Amino acid sequence: MLNLYDTATREVGPFTPIKKGEVSIYVCGATVQAAPHIGHIRSAVNFDILRRWLNMSGYDVTLIRNVTDIDDKILQKAAQEKTPWWALAMKYEREFTAAFAALNVLPPTYEPRATGHITQMIELMQILIDNGSAYAPGNGDVYLEVRKLHRYLTLSGQRIDDLMPATDVDAASSIKRDPRDFALWKAAKPGEPSWPTPWGDGRPGWHLECSAMAHTYLGESFDIHGGGLDLIFPHHENEIAQSEAAGYGFAKRWLHNAWVTQSGEKMSKSLGNSLLVEVILQNVRGIELRWYLGSAHYRSMLEYSQTALEESAVAFRRVENFLKRAAEITGSLPKCEVSTSFAAAMDDDLAVPVGLATISENLRLGNQAITDNDVSEISKNANEIRGALEILGCDPFDKNFTDFRSADLSQAMDGVIALALKERTSARERKDFAASDAIRDGLLALGITIEDTAQGPRWSIMEKS
RNA sequence: GGUCGGGUGGCCGAGAGGCGAGGCAAGGGACUGCAAAUCCCUCUACACGGGUUCAAAUCCCGUCCCGACCUCCA
């Protein structure tokens, strides 16, 4: 039985989907205005682990992850770069997609773009205006009237009057009925992209698209809404406000992932401490970065350091190496099996760190079994490790991580290295250790490690870092 | 000002009243021609001050420190 945290109640409780056997999830994806940093990708990895665990638990999961491809920053940046806004948005959307793929994040069931759902946004605004929750002051803007909502700010636990007064210079002369009313729709300024509406030409305001798209693909109520911690207010409060005012039940449960930090501070472009995915991937493989980002609990801050990342990568290679050896010894790839201890950890609000401890136990027992040449024990532990890695999205045998060209190359190399190892073995047999060590050192200089195992010598390519 | 989250050994990172999660690093040992890999053993913690309790890293009160959000951040 899966237990999950809910930001709305701040408690961990049993998860029961609306429809038996099905889970609907909406995750706030990227606003494609810059290249993805590892914080963005951590969010995707966390929700991917949730999704994989739900799948493994027998649920049919529908996951919608949006792309916000129109907003102030996109327009602003496009103007700076003298690029059409849609070209800029597309460029970064591709970068996000590439980063997700490099980290083996499963593609969402659907990935709707804001600009493709203007019709649905207009319909939603019409409902809100008709029922008196929203108003159009006549300049082309449309606002939601927050004072009319009963449950506004219950997710973040704030009170309207406690919010810091808007620093907006126009606040005094504002056409808003209350300074806290937020824009569903913004009138187009000259030169800005716009779409026609009954209230004037304009563009989406405060992430109206998330409410509209969640409704379009998941219906009036759905099981889980996810996103980063910093979206709780105002973004998610506003989504709730828009959707509930329209009469929708909206999300039953809220999950928020914590950040990747550096020196305790949140990673962010504006702080200048963001680490781009493509830069990190020059030093570690995607599977290793994923292992690192997934290794902390999703609600805990992950304090980034180069050292921690590298150590994590080494730890992963140890697990990977065991699986490869197990496959060599048993003559077949391990199967994916989920141990009861790993399952218990995942069922407890996705306690990945506890799950990793069970993998360590499997690893120790599995390595011991290799020493003892106990094939069934090797298989058992290898299967359980592979099953756990599959859920974490870090299965080294996953075809998304397997490069077939390098697999062919490695076969050819195997033959070549075997020739050298044959020489080394005969040198060792005649106790000519100078000769045998020269061969080993020569291979090492090429980045090839030789290990003498009970089953004979074994070679592997050293990973960088 | 309001709201929320933190401070755990050299490092990373769980736990949330009761046998010291786990990993990395360090030291010792086994194995090995030497290595590598692996296994075994050992060590080091709960920001500070009070309180509750048979028992507190965990609950309560206070203090200090760090971070986040407060109208277009994952």
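Keep in mind that the numbers below use all heavy atoms, side chains included, and drop hydrogens, waters and symmetry copies. This one's a predicted model, so the numbers in the text were calculated from it and none came from an experiment. Chain letters run A, B, ... following the sequence lines, proteins first, then strands; residues in each count from 1.
- Residues satisfying the salt bridge (Lys or Arg N to Asp or Glu O under 4.0 Å) test with Asp437(A), not counting sequence neighbours, are Arg440(A).
- When the nucleotides rA74(B), rC69(B), rG2(B) are ranked by their closest atom to the side chain of Phe233(A), rC69(B) comes out on top.
- At whole-Å resolution of the value, CE in Met301(A) and C1' in rG67(B) are 7 Å apart.
- Looking at Thr330(A) and Ser379(A), their side chains never bring a donor and an acceptor atom within 3.5 Å of each other.
- The distance between atom CZ of Arg299(A) and atom C1' of rC4(B), rounded to the nearest whole Å, is 13 Å.
- If you check the side chains of Asn373(A) and Thr371(A), you find no donor sitting under 3.5 Å from an acceptor.
- Thr453(A) places a side-chain N or O within donor-acceptor distance of the main-chain N or O of Gln455(A), the cut-off being under 3.5 Å.
- Separation of the C1' atoms belonging to rU38(B) and rC31(B) is 9 Å when rounded to the nearest angstrom.
- Between Gln368(A) atom CD and rU38(B) atom C1' the separation is 8 Å, expressed in whole Å.
- Rounded to whole Å, the distance from CG on Asp230(A) to C1' on rU3(B) is 15 Å.
- For the side chain to side chain donor-acceptor pair (under 3.5 Å) test, no residue two or more places apart in sequence or in another chain qualifies with Ser436(A).
- Using a 4.0 Å heavy-atom distance criterion, His297(A) is classed as a sugar-phosphate-only contact.
- For Glu81(A), the side chain to side chain donor-acceptor pair (under 3.5 Å) test picks out no residue, with sequence neighbours left out.
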Compile the donor-acceptor pairs under 3.5 Å between side chains in residues 341-348 of chain A and protein atoms, sequence neighbours left out, one pair per line.
| from | atom 1 | to | atom 2 | distance (Å) |
| --- | --- | --- | --- | --- |
| Ser341(A) | OG | Ser339(A) | OG | 3.3 |
| Asp347(A) | OD1 | Trp53(A) | NE1 | 3.1 |
| Asp347(A) | OD2 | Met1(A) | N | 3.4 |

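- Gly157(A) comes within 4.0 angstrom of the backbone, heavy atoms only, and of no base.
- Residues satisfying the ring pair (Phe, Tyr, Trp, His ring centres under 6.0 Å) test with Tyr26(A), not counting sequence neighbours, are His225(A).
- Taking for each of Ile232(A) and Ile38(A) the nucleotide of RNA chain B with the nearest heavy atom, the 5'-most of the two is the partner of Ile232(A).
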### Task
Report, as a single string ordered 5' to 3', how protein heavy atoms within less than 4.0 Å touch nucleotides 26-35 of chain B: B base, S sugar-phosphate only, - not at all.
-------BBB

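- A distance-only check finds a donor-acceptor pair linking the side chain of Arg180(A) to the backbone of Leu163(A) [under 3.5 Å].
- The base of rG67(B) lies outside donor-acceptor range of the side chain of Glu265(A), with no N or O pair under 3.5 Å.
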#### Entry: Paired and unpaired positions of RNA chain B as dot-bracket, Watson-Crick or G-U wobble under 3.5 Å, | denoting a partner strand
(((((((..(((.....[...))).(((((.......)))))....(((((..]....))))))))))))....

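- As judged by a 4.0 angstrom heavy-atom cut-off over every strand, Asn238(A) is placed among the base-contacting residues.
- As a whole-Å value, the separation of Ile378(A) CD1 from rU38(B) C1' is 12 Å.
- Closest to the side chain of Ser43(A), from the set rU71(B), rA74(B), rA37(B), is rA74(B).
- With sequence neighbours excluded, the residues satisfying salt bridge (Lys or Arg N to Asp or Glu O under 4.0 Å) with Glu93(A) are Arg113(A).
- With sequence neighbours excluded, the residues forming a side chain to side chain donor-acceptor pair (under 3.5 Å) with Glu377(A) are Asn381(A), listed by chain and number.
- Val27(A) comes within contact range of no nucleotide atom at all, as no heavy-atom separation falls under 4.0 Å.
- In this structure, the CG atom of Leu309(A) is 12 Å from the P atom of rG13(B), given to the nearest Å.
- Here Asn367(A) lies in heavy-atom contact (under 4.0 Å) with sugar-phosphate atoms only.
- Of the candidates rU71(B), rG2(B), rA14(B), the closest approach to any side-chain atom of Gln158(A) belongs to rG2(B).
- Rounded to an integer number of Å, the gap from CG of Leu302(A) to C1' of rG67(B) is 15 Å.
- Using a 4.0 Å heavy-atom distance criterion, Phe342(A) is classed as making no nucleic acid contact.
- Taking Arg290(A) as the reference, Asp48(A) meet the side chain to side chain donor-acceptor pair (under 3.5 Å) condition, with sequence neighbours excluded.
- Nearest-nucleotide positions on RNA chain B place Arg10(A) closer to the 5' end than the other of Asn257(A) and Arg10(A).
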#### Entry: B/S/- contact track for nucleotides 18-23 of chain B, protein heavy atom under 4.0 Å
---BSS

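- Contact annotation: side chain of Lys266(A) to base of rC73(B), donor-acceptor pair present below 3.5 Å.
- By the salt bridge (Lys or Arg N to Asp or Glu O under 4.0 Å) test, Asp372(A) pairs with no residue at all, sequence neighbours left out.
- Per the geometry, NZ belonging to Lys324(A) stands 17 Å off C1' belonging to rA36(B), to the nearest Å.
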